[in-house]
Amino acid sequence: MIIYNVTVNIDDSVHDEWLEWMKAQHIPAVVGTGCFISGSIFRILVEEHAGTSYSIQYRATSIEEVKKYMEKFASILQQEHSEKYADKFVAFRTLLEEA
């Protein structure tokens, strides 16, 4: 099992809208590419100086499926997020492999 993890810190001014959009639109769109078998969002339980942080985890059966997502779908879905919430978030991505 491969986990494609996206960690996002979202500004408080758009938090509620962003969280609803992620649950209703973005996560289903990423899973809907067929590259992942599921997607979940978790609030990170740490005090932040600003904003709120989340871990969005997408589960894939293989690294090839993640590569397919990165090559065919990632740029357009990431661009949509970036345009919608410009200057209101920071994000980084991590790939994890179940040991």
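Between Q79 atom CD and K84 atom NZ the span is 14.0 Å, to the nearest 0.5 Å. A distance of 10.0 Å separates CG of D11 from CG of D87, quoted to the nearest 0.5 Å. Atom CG of residue N5 and atom CD1 of residue I56 lie 7.5 Å apart, to the nearest 0.5 angstrom. For the atom pair K67 NZ and K72 NZ, the distance stands at 14.5 Å (nearest 0.5 Å).
C35 and A60 make their closest contact through O-CB, 3.7 Å (heavy atoms, listed as atom of the first residue, atom of the second, distance). Closest approach of V8 and A91 over heavy atoms only: CG2-CB, 4.0 Å. Across every non-hydrogen atom of T33 and F73, the tightest pair is CG2-CG, 3.6 Å. G34 and E65 make their closest contact through O-OE1, 3.7 Å (heavy atoms, listed as atom of the first residue, atom of the second, distance).
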Chi angles and distances behind the side-chain hydrogen bond (donor to acceptor under 3.5 Å, both in side chains) call for H81, W18 = CA-CA 9 Å; H81 181 271; W18 175 87; 2.9 Å; yes
ask   = Can you list the steps and then say if I2 with R59 is a side-chain contact (heavy atoms from CB on, under 4.5 Å)?
value = CA-CA 6 Å; I2 304 293; R59 290 160 194 80; over 6 Å; no
key: Stepwise side-chain contact (heavy atoms from CB on, under 4.5 Å) test for R43 and S53   = CA-CA 6 Å; R43 187 169 59 88; S53 291; over 6 Å; no
task = Please test H15 against Y85 for ring-ring contact (aromatic ring centres under 6.0 Å, His included), starting from the C-alpha separation and ending with a verdict.
result = CA-CA 10 Å; H15 173 270; Y85 297 102; over 10 Å; no
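The hydrophobic cluster containing L96 also includes M1, I3, I37, under a criterion of side-chain heavy atoms closer than 4.5 Å among ILVMFWY residues, counted directly or through chains of members.
Taking the six-membered ring for Trp and the full ring otherwise, the centers of F42 and Y54 sit at least 6.0 Å from each other.
By the side-chain contact (heavy atoms from CB on, under 4.5 Å) test, E80 is found to be paired with W21, L77, residues two or more places apart in sequence or in another chain being considered.
Side-chain N or O atoms of N9 include one that pairs as donor or acceptor with a backbone N or O of A50 at under 3.5 Å.
For the pair Y58 and I27, the minimum side-chain heavy-atom distance is below 4.5 Å. At a threshold of 4.5 Å between non-hydrogen side-chain atoms, the residues V30 and Y4 do not count as touching. With a 4.5 Å cut-off on side-chain heavy atoms, I41 and L19 count as touching.
V31 and I76 fall within the same hydrophobic cluster, defined by Ile, Leu, Val, Met, Phe, Trp and Tyr side-chain heavy atoms under 4.5 Å apart, directly or through other members. Hydrophobic cluster membership differs between I44 and F89, with clusters built from Ile, Leu, Val, Met, Phe, Trp and Tyr side chains linked at under 4.5 angstrom. Taken together through direct or relayed side-chain contacts under 4.5 Å among Ile, Leu, Val, Met, Phe, Trp and Tyr, V6 and V90 form parts of separate hydrophobic clusters.
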